[in-house]
Amino acid sequence: MTGVFPFIVRRLLAAIPVVLLVTIATFWLGRCAPGDPITARTGGKASPETVARLKHQLHLDDNVAVQYVRYMSEVVHGDFGTSQRHVNQSVSSIIFPKMWISLQENIYPFILTFTIGMPIGIYLAMRRGHWQDPSVTALLLILSAIPVVILIPTLQVLFAAKWKLLPVAGWHGIFSRYIILPTAVLTVPGLAGVARLMRISMIQVMDDDFVRTARAKGLQERIVVLRHMVRNAMLPMATAIVSSLFFLFIGSFFVESLFGIPGIGAESIATINGRDYDEIMAITIISTVAFIVANMAVDIAYTFIDPRIRLDAG
Amino acid sequence: MTADTATMLPAAANVYGLDRPAVPAWRTFVRSLLKRKLACVALCYIVLFYATAIFAPAIAPYSYEGSSHDLRKENVLQGPSWKHPFGTDRLGRDLLSRVIYATRTTMLITVATTITGGLFLGVGLGLLAGYRRGLVDSLINRLGEALGSIPDLLLLLLLAATIRPRIDGWVRHAYGWPVLGGPLRTGIADITFVFFALTLIDWVGQERLIRSQVLAVRQEEYVLAARAMGASTGRVLWNHVFPNIRHLVVLGTTTAIGAIALSEISLTFFGLGVRAPTPSFGDMIYDGSGPRQVLAHPHLLLVPGTIAILFFISFALFGDALNDILNPRTR
């Protein structure tokens, strides 16, 4: 059982209990939430008969396990229930447009994180032992340690309120000046992380035999670096893609709330303050399953990118 | 190398020079740490921060809760002065005292979460999963994978929205209790909730780190030898496996503390963590963060913001230095 195909099958099977765990936990938490749907509908002034009839209509008199299965089968069909805050709107009609906005907002940071971060990491690795490496590495570390909740108001005050260079907040698509500050806030911490990872990865490749061979056969230094070192050092970047998406998702909560972008992060905060449990359950399930699939895709991609990786590990 | 193996194998021990008194590991560690000036400054700041937290009641000039006297117009939103070195906030409360007590919230949450989540659960489950393998390993792995796939802030928000109101109900019930009532009213319940929620997330990273190292160590010959000689599992883990993962525990814990403190601040910033009047950096940053507010009263953001930023930078720099010393391959 060490071929590529059995590995993929096993990896897929391993994801099933994880998805089950996440959905069961989310469903259970939703059930723990205060305020029951009957009181919400009747205002607590209904006769016992009406309550029983409503319970039956909403299938609340079933076993919890049956309710979970029903909920999940609806979820699989794309039905996440109706929103409690927006009258007569389904949860999916609210969250999918918002996810689209968040996706657009995250495109620039995602691209910039890698296109700027990786060259910086390569440069730092090449300057190891010179003053540039420790000082820039420390600077990157400091930049990534600044919490966004402090960074955002500071940038808003400096660039918008004081110097009047950029707008304070708002959402006008990705081709307006409004996107510049959110992009900067979402890019900097990820960029520092990617640069540091790339630097370490380069340093670990540097002393390998194939690099020495490449130099020994007289290749130009530029080709040794780009073709032999960088190509191999880029392997861990596949994992960095998923973790970068993960951090962009979390970063969006702050960026969207503070810059007034109507995306899924700001919506999550609003649903919790508005006690809209169906919606927060939907957001949790969709995003978590997306990350489980992304992690799985990376694991499988590795077996194609780098056949040396032991297939039976994990 | 433990004493009993050395006495059992005197010949081999002599070959490797094990009977020579060696420099203790911690002394080499301290020496290489002292060489890094930036890391030492960072460590000093961390020590200062936690010392402030411990001695908060002795240092703080005023109470963090404020009083009706503070609400008078001449006391509200004052800039720095001799009476209030960091100024006063919207409710006329002394910002210096609030910041001092906020370090206490950070300390309580980071220390409690690190001990239970990172050390007890993280290291314990990591050792168990890596050493026992089999079913236990898969169970712990799947659980970790599930928790690791939920964006942590979303999980915290979900817990705060669903379970929190119930806990609040019970706690309000207990306000009148003789011994417990007092601390419950002063925000201990909030801190406990945040601590539980963060513990749930915190152990995952540490467990993965420890497990992968245990998997490597358990294949080593000295572990096989110890098991062949009939050493109990506990003895093997404590004497042979644990010394090889100690550096990872130190490293993982240092990295985790920054993340825990950040989660608490973020949660409180969104109004779902520690609640007023208990001071937290998240709450103070929120209060000071509107652009117009910052222009008019910059000290409201500047004071808690600077102290919190320095805390996170210190942990990042100190953790990086530890990584250099304990994990030299990435230097």
Side-chain angles (χ1 to χ4, degrees), chain A residues 14-15 17-22 25-26 29-35 128 137-138 141-142 144-154 156-157 160-162 168-169 199-200 203-204 246 249-250 253-254 257-258 265 268-269 271-273 275 277 280-281 283-284 287-289 291-292 295 314, chain B residues 38 138-139 141-143 145-155 157-166 168-169 215 258 262 265-266 269-272 281-282 285-286 288-295 298 301-302 304-306 308-309 311-317 319-320 329-331:
Chain A
V18 179
V19 172
L20 280 178
L21 256 173
V22 168
T26 313
L29 281 175
R31 302 251 326 169
C32 277
R128 187 158 70 133
T137 309
L141 199 66
I142 289 172
S144 63
I146 298 176
V148 280
V149 282
I150 305 171
L151 185 62
I152 295 174
T154 313
Q156 279 177 328
V157 166
K162 210 157 207 170
V168 179
R199 170 181 168 272
I200 290 168
I203 288 172
Q204 285 175 343
F246 202 80
F249 185 84
I250 294 175
F253 281 69
F254 300 98
S257 308
L258 293 170
S268 306
I269 307 280
T271 51
I272 283 167
N273 289 327
R275 306 244 174 273
Y277 305 110
I280 192 68
M281 281 161 73
I283 295 171
T284 310
S287 55
T288 308
V289 171
F291 284 117
I292 292 173
N295 269 321
Chain B
L38 210 52
S138 333
L139 280 179
N141 258 342
R142 293 294 95 80
L143 190 63
E145 215 174 306
L147 281 170
S149 304
I150 305 180
D152 32 14
L153 191 58
L154 197 52
L155 180 63
L157 294 177
L158 189 66
L159 288 172
T162 52
I163 295 197
R164 182 81 176 264
R166 294 211 164 192
D168 283 349
L215 280 180
L262 185 61
I265 290 180
S266 313
F269 183 85
F270 285 126
L272 295 159
F281 285 105
I285 291 166
Y286 180 81
S289 69
R292 229 172 269 133
Q293 172 93 297
V294 180
L295 279 183
L301 178 66
L302 227 55
T306 311
I309 286 182
F311 176 79
F312 291 114
I313 290 178
S314 297
F315 261 103
L317 290 173
D320 189 55
R329 207 167 129 75
T330 53
R331 196 174 303 164

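In what follows, every chain begins at residue 1, and chains take the letters A, B, ... in the order their sequences are listed. Note that this is a predicted model, so its numbers are computed, not measured.
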Identify the heavy atoms of [X] and [Y] that sit nearest to each other, and give their distance.
| X | Y | value |
| --- | --- | --- |
| A/Arg31 | B/Arg166 | O-NH2, 4.4 Å |
| A/Phe246 | B/Pro151 | CZ-CA, 3.5 Å |
| A/Phe253 | B/Phe270 | O-CZ, 3.9 Å |

Could you tell me which portion of [X] (side chain, backbone, both or neither) has an atom closer than 4.5 angstrom to a non-hydrogen atom of chain B?
| X | value |
| --- | --- |
| A/Pro17 | side chain |
| A/Val168 | side chain |
| A/Ala14 | both |
| A/Leu151 | neither |
| A/Ser257 | side chain |

- Message: Counting heavy-atom pairs under 4.5 Å with chain B, which one of A/Thr154, A/Ile269, A/Leu20 comes out on top?
- Response: A/Ile269

- If you tally heavy-atom pairs under 4.5 Å between each of A/Thr137, A/Ile146, A/Leu141 and chain B, the highest tally belongs to A/Leu141

- Is chain A contacted by the side chain of B/Leu158, its backbone, both, or neither, given a heavy-atom distance below 4.5 Å? both

- Using non-hydrogen atoms and a 4.5 Å limit, figure out which bit of B/Leu317 sits close to chain A: side chain, backbone, both or neither. both

- Message: For A/Phe249, I'd like to know if atom CZ has over 12 heavy atoms of other residues, nucleotides or ligands within 6.0 Å.
- Response: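 Result for CZ/A/Phe249: enclosed.
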
- From A/Ile250 CD1 over to B/Ser266 OG, what is the distance, rounded to the nearest 0.5 angstrom?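 Spacing of CD1 (A/Ile250) from OG (B/Ser266) equals 9.0 Å.
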
- Report the residue from A/Thr284, A/Leu21, A/Ile292 that forms a side-chain contact (heavy atoms from CB on, under 4.5 Å) with B/Ile150.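 Of the listed residues A/Thr284, A/Leu21, A/Ile292, the side-chain contact (heavy atoms from CB on, under 4.5 Å) partner of B/Ile150 is A/Thr284.
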
- Can you tell which of B/Thr306, B/Ile285, B/Leu302 makes a side-chain contact (heavy atoms from CB on, under 4.5 Å) with A/Ile150?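 Result for side-chain contact (heavy atoms from CB on, under 4.5 Å) with A/Ile150: B/Ile285.
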
- Would you check if A/Ser268 and B/Leu154 make a side-chain contact, meaning some heavy-atom pair closer than 4.5 Å?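 Heavy-atom side-chain distance check passes, below 4.5 Å.
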
With chain A as the partner, which of [options] has the greatest number of non-hydrogen pairs under 4.5 Å?
| options | value |
| --- | --- |
| B/Leu159, B/Leu38, B/Asp152 | B/Asp152 |
| B/Gly319, B/Ala316, B/Gly258 | B/Ala316 |
| B/Val294, B/Leu295, B/Leu157 | B/Leu157 |

